[in-house]
Amino acid sequence: MSETKKRRDYISWDEYFMGVADLSGRRSKDPNTQVGACIVSQDNKIMSMGYNGFPKGCSDDEFPWGKEAETTDPYSAKYLYVTHSELNAILNYRGGSLEGSKLYVTLFPCNECAKAIIQAGIQTIIYKEDKYPDSPSVRASKRMLNAAGVRYYQYECSGRKIEIDV
Ligand SMILES: Nc1ccn([C@H]2C[C@H](O)[C@@H](COP(=O)(O)O)O2)c(=O)n1
Ligand SMILES: [Zn+2]
């Protein structure tokens, strides 16, 4: 006989959206840090996604993926060229306004992304990791987010392993 009750072990909204952000980050070619972002409407519809990478036309094979610390030449490190996952998610959105939306992101937003997040009207940030909390970039980001009234909190890892076959 077939089951008539709904299944109980379905994933939560937070697991779903952070899972999508995480999956998006797996498209990143950055050898050191892969970041994924997923923007969600107030009624839990996915509006946009992004990951860190070089802009269109800037080849992943020609532009550098190294860190500045490993070289003294800033032009041969990734930082001047890479677009962050949050900014890509904002720019990938083609539907109009992101006012009141939520951002799921696997790494705490930097100051540049915070500016874009605030100006886009994103209201809430749910982040997974805060890898560089003492960096000027993250400190400035928090200062701006606090001033602008953008709410942020850390994703509570459920510990559930979500496997997908592709
Ligand atoms: N919120 C953030 C912070 C950083 N990124 C990107 C920028 C780089 O590709 C990478 C960080 O590299 P690392 O210094 O850890 O080697 O992550 C981002 O997309 N969003
Ligand atoms: Zn950023």
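In each ligand, atom 1 is the first atom listed, and ligand 1 is the first ligand listed. Predicted model only: the values in this text are computed from it and were never measured.
Between the T106 side chain and the G36 main chain, a donor and an acceptor come within less than 3.5 Å of each other.
Criterion: ILVMFWY side-chain heavy atoms under 4.5 Å apart, direct or through other members. Under it, V20 and Y155 are part of a common hydrophobic cluster.
Atoms of the protein (N, O or S only) found under 2.8 Å from the Zn ion (ligand 2) are H84 ND1, C110 SG, C113 SG.
When ring centroids are compared, Y16 and Y10 stay outside the 6.0 Å threshold.
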Practice item. Go through the steps to decide whether N52 and K29 satisfy the test side chain to side chain donor-acceptor pair (under 3.5 Å), and finish with yes or no. Key: CA-CA 8 Å; N52 53 327; K29 319 299 180 307; over 6 Å; no
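The aromatic rings of Y152 and F108 sit perpendicular to each other, their planes meeting at more than 60°, with 30° as the lower class boundary.
For ligand 1, the 4.0 Å heavy-atom shell takes in D30, N32, T33, V35, N52, K67, K78, Y79, V82, H84, S85, E86, L107, F108, P109, C110, K131, Y132, ordered by chain and residue number.
Within the structure, the side chain to side chain donor-acceptor pair (under 3.5 Å) test picks out the following pairs touching residues 125-135 (sequence neighbours left out): D22-K128, T33-K131, D130-K142, D134-R139.
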List the atom pairs, with distances to 0.1 Å, where a side-chain N or O of residues 55-66 and a protein N or O form a donor-acceptor pair under 3.5 Å, not counting sequence neighbours.
from	atom 1	to	atom 2	distance (Å)
S59	OG	D61	N	3.0
S59	OG	E62	N	3.3
W65	NE1	D60	O	3.2

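I122 and V150 make their closest contact through O-CG2, 3.7 Å (heavy atoms, listed as atom of the first residue, atom of the second, distance). A114 and M144 make their closest contact through CB-CE, 4.3 Å (heavy atoms, listed as atom of the first residue, atom of the second, distance).
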